[in-house]
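Quick caveat: nothing in here was measured; it's all calculated off a predicted structure. Order of appearance sets the numbers: ligands from 1, and atoms from 1 within every ligand.
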Amino acid sequence: MSILSAPKNLTRNVLIGMGLGVLIAAIFHYQQAAIPTMLFDFVEKYVFNLGGQIFKNLLMLVVVPLVFFSLVSGISSLSNMVKLGSIATKTVGLYLFTTGLAVSTALIFGWVFNLSGYEGEVASFAPVAGEASLYDTVLRIFPNNMFGAFVENNMLGIVFISILFGIALNLTDELTDGLSKSFERFNTVFLKIVLLIMSFAPVGVFCLMGSYVMAKGLNIFGDLAQYVILLIFVLLFHLTVTYSLLLKLFANLNPLIFFRKMRNVALFAFSTSSSAATIPVTLKTVTDDLGVKKDVSSFVVPVGATINMDGTAIMQGLATMFIASTVGVDLTFAQYAQIVFLAIITSIGTAAVPSAGTVTLALILGSVGLPLDAIGLILAVDRILDMVRTSVNVCGDAAVSCIVAKSENELDEQTFNNRLG
Ligand code: ASP
């Protein structure tokens, strides 16, 4: 086993951690009356919540330096800058395309299965302010304070700064006496930090799953079974059918190999509900297991985690239909087109953290004239849906990475086709 390979039996151990977390928390949740309050509170707060939050913090902790060093070292080793332009154009184009496809699929399935609304009373919801408009999102790409961007975790700004820095380093490599090599080395150190953190994943995931189940129990459907089941179905459809077709048609790659290698990434996304916190694992898998060269993956993965949210767009499409039906509004064709357009745009502005998609949903509802209060309904069942859609979001980032890499001749197909070590 090399110094930079993933912990042994990671998938198996993470699954065991997940199962145990669900089991123990379910016992606590359903037997609450028989358990001393002090013990219950202690386990909830200091075992599950604290452990889960520490694990998410550890992952987030490495995101910024990892993205910076891998992007800088990737770009500084590019042979020409035209290539960077071409990678960036394909990446953004494909991300917008797959998100458009995702929300359209959701609307078609919603229509085919005649998604009906909720008949009980609607809880009220106070929309969370401060979600970025398109104007703010574009402006965030160009921060006026380099360190501010890093401190605020402004991913788009960090990507921009890293590109700028990488280009300058690339152009001055002779003058700076091979400084770019140092960035390579830092990158290796941060990769090792990721691996060290990953070895705690089974415990981290145990705590995260436990904290979800402890709070809400196992009833993931609430009163909205049709919405929840249809949404999970469309998410899985997009994950398995759409991405398989895209990988096959655009890059002639075997989707089964892709999915087998993505299982850890999907599990991390599922248990953290955050594409941003999953970046370290996505980056490692896409580069080391799927064979995408670093100069492509270091750009496509962090940009994808920030702007590409196919799973979120699917939720927003179906949720809008569901809410329209709940309040008895018949959406027109023009409004459907508007939903597709807005879901593409808002996915760029949606933060890659838990439940962010339900916040930007307010923007879509507002634009097509639907009441924001109805989001309260969706929130009641959002926990599990957030977990599933985040897994779809990150798999989309990885699929696009493979497609872009293949088209740029930057995919090591031997590594892609290799059995997992
Ligand atoms: N949790 C999602 C993500 O991080 C965003 C969302 O849909 O709420 O990708």
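Only side-chain heavy atoms of D386 come within less than 4.0 Å of ligand 1; its backbone N, CA, C and O stay farther off. With a heavy-atom cut-off of 4.0 Å, S273 touches ligand 1 through its backbone alone. Only the side chain of R389 comes within contact range of ligand 1, with a heavy atom under 4.0 Å; no backbone atom does.
Aromatic ring centres of F258 and F416: separated by at least 6.0 Å.
Annotation: T358 places no N or O atom under 3.5 Å from an N or O atom of ligand 1; distance criterion only. Below 3.5 Å of separation, one finds an N or O of G357 facing an N or O of ligand 1. On a distance-only criterion, A276 and ligand 1 share no N/O pair closer than 3.5 Å. Checking only distances, T350 never comes within under 3.5 Å of ligand 1, N or O to N or O. In terms of N/O distances under 3.5 Å, ligand 1 is approached by V353.
With salt bridges taken as basic N to acidic carboxylate O contacts below 4.0 Å, none links K293 and E408. Remark: D288 engages K284 in a salt bridge, criterion side-chain N to carboxylate O under 4.0 Å. Salt bridge annotation for K294-E410: absent, with no cationic side-chain nitrogen under 4.0 angstrom from a carboxylate oxygen. At a threshold of 4.0 Å, the pair R389-D382 counts as salt-bridged, since one of the basic side-chain nitrogens sits closer than that to a carboxylate oxygen.
Here the closest heavy-atom approach between residue V281 and residue V265 is recorded as O-CG2, 4.0 Å.
Residue contact check: S274 has heavy atoms under 4.0 Å from atoms 4 (O) of ligand 1. Of all atoms in ligand 1, numbered sequentially from 1 with element shown, those under 4.0 Å from a heavy atom of N393 are 2 (C), 3 (C), 9 (O). Interface of T312 with ligand 1, defined as ligand atoms under 4.0 Å from a residue heavy atom, comprises 5 (C), 6 (C), 7 (O). For ligand 1, the atoms closer than 4.0 angstrom to any heavy atom of S355 are 8 (O).
Counting protein heavy atoms only, atom 2 (C) of ligand 1 is closest to T390 OG1, 3.3 Å.
Note on residues 301-322: pairs passing ring-ring contact (aromatic ring centres under 6.0 Å, His included), not counting sequence neighbours, are Y227-F322.
Qualifying side chain to side chain donor-acceptor pair (under 3.5 Å) partners for T320, counting only residues two or more places apart in sequence or in other chains: none.
Scanning S275, P354, S347 for the heavy atom closest to atom 4 (O) of ligand 1 points to S275.
Judged by distance alone, the side chains of T99 and N308 do bring a donor and an acceptor atom under 3.5 Å apart.
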